[in-house]
J.: 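Before I ask anything, here is the structure I am working with.
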Number of protein chains: 2
Amino acid sequence: MRQLPHPATEDIRLTEVLRALADPVRLEIAVRLAAQTEQNCSSVLEELGVHKSTASHHYRTLREAGVLLTRQDGRQKYMRLRREDLDARFPGLLDTILRAAQTDVTIAPDAVPAPHDGA
Amino acid sequence: MRQLPHPATEDIRLTEVLRALADPVRLEIAVRLAAQTEQNCSSVLEELGVHKSTASHHYRTLREAGVLLTRQDGRQKYMRLRREDLDARFPGLLDTILRAAQTDVTIAPDAVPAPHDGA
DNA sequence: CGCATAGTTTGATAATTGTCAAACCATGCG
DNA sequence: CGCATGGTTTGACAATTATCAAACTATGCG
């Protein structure tokens with residue numbers, strides 16, 4: 001079982017969650033996960049146009065903050081928000097942030113579509 | 001007059017607010033402001049045990065993120081949360097975070113005297 | 001005016017972080 | 001087994017940041 005380490009619900013720290021979601025790329029990941037329940041790692045990285053290892057780094061940050069959970073299925077890994085745990089720990093927090101994210105532009109739209117180079 | 005620059009309500013960015021509140025010291029400042037409406041700069045820095053310039057830096061960060069507002073009165077400056085503006089921009093966000101902050105330890109208790117009851 | 005007070009700004013430093021690239025590891029398939 | 005695939009880890013680097021200290025600015029008071 002290649003279960004990567006996740007914090008227990010009671011060990012989730014508010015500042016960690018906020019810091020994890022304070023990054024545009026990670027916030028966008030959370031928004032997409034919220035819309036799609038579960039998501040493959042590579043699908044995210046392709047859509048956001050970041051390098052594989054960068055994506056992995058962001059997953060880890062979100063995972064260690066307690067925001068998402070990684071499940072392995074065959075050769076792939078799927079991520080999913082820890083909705084219930086987060087809601088138990090900090091009621092309403094995730095939903096409020098996700099709702100706020102939809103009224104704010106987190107990533108420049110032209111930066112997202114294709115995995116074009118750029119920087 | 002001596003108004004330091006604050007972003008307009010519509011210019012408040014979610015990731016900036018989250019990043020501002022993701023720091024333990026700043027989150028604590030926000031919590032204290034929420035409890036006391038308005039607060040003198042030095043009172044905060046004394047209670048949190050950080051240097052004057054460090055406190056000023058945190059105020060600035062919060063101010064530029066749109067979280068608080070600085071008002072000058074005589075020789076002193078008073079800060080206050082931008083509750084209405086934040087609520088207009090991101091409904092429920094501030095309250096939810098502040099409520100979450102009360103169920104989580106943001107700063108080591110021995111480093112800071114509690115806001116109310118004895119420490 | 002001169003001095004004390006309240007904060008800000010600048011400087012310096014150490015720590016953290018976001019990013020890509022390349023090497024690595026685990027899983028499934030032929 | 002050997003290889004391709006999907007992610008992670010490590011390395012390196014630039015950028016940001018948290019902090020203290022010291023200099024600076026502005027305000028009020030005598």
Side-chain angles (χ1 to χ4, degrees), chain A residues 1-6 13 15-29 38-65 68-80 106-108 111-112 115-119, chain B residues 1-6 13 15-16 18-29 38-65 68-80 106-108 111-112:
Chain A
M1 301 287 87
R2 308 258 359 90
Q3 273 294 67
L4 294 161
H6 305 76
R13 313 278 279 119
T15 50
E16 297 296 306
V17 174
L18 295 180
R19 200 159 48 73
L21 294 175
D23 179 271
V25 173
R26 290 194 292 263
L27 183 58
E28 182 63 26
I29 291 176
E38 205 172 48
Q39 197 149 349
N40 179 329
C41 285
S42 26
S43 72
V44 177
L45 76 88
E46 284 165 11
E47 290 172 12
L48 271 69
V50 295
H51 193 279
K52 203 168 53 164
S53 54
T54 303
S56 188
H57 160 66
H58 286 310
Y59 302 146
R60 195 220 289 237
T61 303
L62 288 164
R63 187 170 47 233
E64 291 180 349
L68 58 79
L69 197 134
T70 308
R71 175 179 69 81
Q72 180 139 15
D73 180 25
R75 242 178 317 192
Q76 317 199 67
K77 285 179 178 172
Y78 292 91
M79 291 161 314
R80 146 168 80 84
T106 59
I107 294 193
V112 176
H116 247 38
D117 188 73
Chain B
M1 338 222 81
R2 310 261 357 95
Q3 274 293 67
L4 293 162
H6 306 75
R13 313 278 279 121
T15 50
E16 297 296 305
L18 295 179
R19 203 158 47 72
L21 295 175
D23 180 272
V25 174
R26 290 194 292 263
L27 184 58
E28 182 63 27
I29 291 176
E38 206 173 48
Q39 197 148 350
N40 180 328
C41 285
S42 25
S43 70
V44 177
L45 77 87
E46 283 166 10
E47 289 172 12
L48 270 70
V50 295
H51 194 278
K52 201 168 55 161
S53 53
T54 302
S56 188
H57 160 67
H58 287 309
Y59 301 147
R60 196 222 286 239
T61 302
L62 288 165
R63 190 188 320 123
E64 291 181 348
L68 58 77
L69 198 133
T70 308
R71 176 179 68 82
Q72 179 139 18
D73 181 25
R75 241 179 319 192
Q76 316 199 69
K77 285 178 179 173
Y78 292 91
M79 291 160 313
R80 145 168 80 85
T106 60
I107 295 193
V112 178

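Fair warning: this is a prediction, and the values are worked out from it, not measured in the lab. Residue numbers start from 1 in every chain, and the chains themselves are labelled A, B, ... in the order their sequence lines are given, proteins ahead of strands.
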J.: Closest to the A:Arg75 side chain: D:dA23, C:dG18, C:dT27?
T.: C:dT27

J.: Looking at the side chain of A:Arg19, which of D:dT19, C:dA6, C:dT17 is the nearest nucleotide?
T.: C:dT17

J.: Just compare D:dT19, D:dG7, D:dG6 and give me whichever is closest to any side-chain atom of B:Thr54.
T.: D:dT19

J.: Is there, by distance only and without an angle test, a donor paired with an acceptor across the side chain of B:Ser42 and the base of C:dA6 below 3.5 Å?
T.: no

J.: Taking the side chain of B:His57 as heavy atoms from C-beta outward, which of D:dG7, D:dT19, C:dG7 is closest to it?
T.: D:dT19

J.: Between B:Arg60 and C:dT9, does any side-chain N or O lie under 4.0 Å from OP1 or OP2?
T.: yes

J.: Please check the phosphate of D:dT8 (OP1 and OP2 only) for any side-chain N or O of A:Arg63 closer than 4.0 Å.
T.: yes

J.: Let's see if you can work this out: which of D:dC20, C:dT8, D:dT19 has an atom nearest to the side-chain heavy atoms of B:His51?
T.: D:dC20

J.: Can you identify which nucleotide, out of D:dT8, D:dG28, D:dA18, has its nearest atom closest to the B:His58 side chain?
T.: D:dA18

J.: Side chain of A:Lys77: nearest nucleotide among C:dG7, D:dC20, D:dT8?
T.: D:dT8

J.: Under 3.5 Å, is there a donor-acceptor pair between the side chain of B:Thr61 and the main chain of B:His57?
T.: yes

J.: Return the nearest nucleotide to the side chain of B:Ser53; candidates are D:dA4, C:dT19, D:dA21.
T.: D:dA21

